[in-house]
Amino acid sequence: ETGVTQSPTHLIKTRGQQVTLRCSSQSGHNTVSWYQQALGQGPQFIFQYYREEENGRGNFPPRFSGLQFPNYSSELNVNALELDDSALYLCASSWHRGPNEQYFGPGTRLTVT
Amino acid sequence: DAKTTQPNSMESNEEEPVHLPCNHSTISGTDYIHWYRQLPSQGPEYVIHGLTSNVNNRMASLAIAEDRKSSTLILHRATLRDAAVYYCILRYFGNEKLTFGTGTRLTIIP
């Protein structure tokens, strides 16, 4: 059974640029959630995708967008990067039934300069 | 989202049991109690969850108070690998998200 993988591991971008982060779900999972974790804080929910559609969104502006593909992998896109977007971005996969546990990837560390 | 309260930090000796408390006085009847932990430089890891009855798995035990306003995560024999931030999260059935607080930073003393 393959776990959740994310790419790239680290990324440095300049303010105003756009970035795309990628996530491959754990085998058998059909739901992907994205979280942002600033230094010293707990992860904050960005949004979730199920059946290629957004299935819930946290308090993040529209410049944070996502996609889910038929193989359940997912992308997180952030436009017009701001310095405060510097964080660890975590992807989690799960099965979309009940209060099931989410399985997290190792994250992508984004630095905006 | 119903709120949870956890101590900021705890210490425990290696090979001894650890009891991590969580208060959730505003819990509703449909809220499940989830525990995750985050080891240094890793993503969060699922530990255990329950609704009303105590739960056991290979990693830990979850003891839930009869009124469900508090719970305790029990690590039966702590190892150095258990040093992590532990998050107690309430999640109602069908809710898509996990709402993390600041958690409890557990330090294991060799």
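The sequence lines fix the lettering, A, B, ..., with proteins before strands; numbering per chain opens at 1.
The residue among B:S41, B:G43, B:G101, B:G103 with the most heavy atom pairs within less than 4.5 Å of chain A is B:G43. In terms of heavy-atom pairs under 4.5 Å with chain B, the best-connected choice from A:G42, A:G105, A:P43, A:G58 is A:P43.
For a residue to count as touching a neighbouring chain, one of its non-hydrogen atoms must lie under 4.5 Å from one of that chain's; by this rule A:P106 touches chain B with the backbone only. The contact between A:Q37 and chain B is made entirely by side chain atoms (from C-beta outward), counting heavy-atom distances below 4.5 Å. Heavy-atom distances place the side chain of A:Q48, and not its backbone, under 4.5 Å from chain B. Heavy atoms of A:Y35 lying under 4.5 Å from chain B belong exclusively to its side chain.
The number of heavy-atom neighbours closer than 6.0 Å to CZ of A:R15, taken from other residues, nucleotides and ligands shown, is 12 or below. No more than 12 heavy atoms of other residues, nucleotides or ligands sit less than 6.0 Å from atom CD1 of A:I12.
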Margin query: Set out, in order, the CA-CA distance, both residues' side-chain angles and the distance that settles side-chain hydrogen bond (donor to acceptor under 3.5 Å, both in side chains) for B:S9 and B:E11, then state yes or no.
Written below: CA-CA 7 Å; B:S9 63; B:E11 287 186 351; over 6 Å; no
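Here the CG-NZ distance, from A:N55 to B:K97, works out to 12.5 Å after rounding to the nearest 0.5 Å.
We find that B:D31 and B:R68 are not joined by a salt bridge, their nearest charged nitrogen and carboxylate oxygen being 4.0 Å or further apart.
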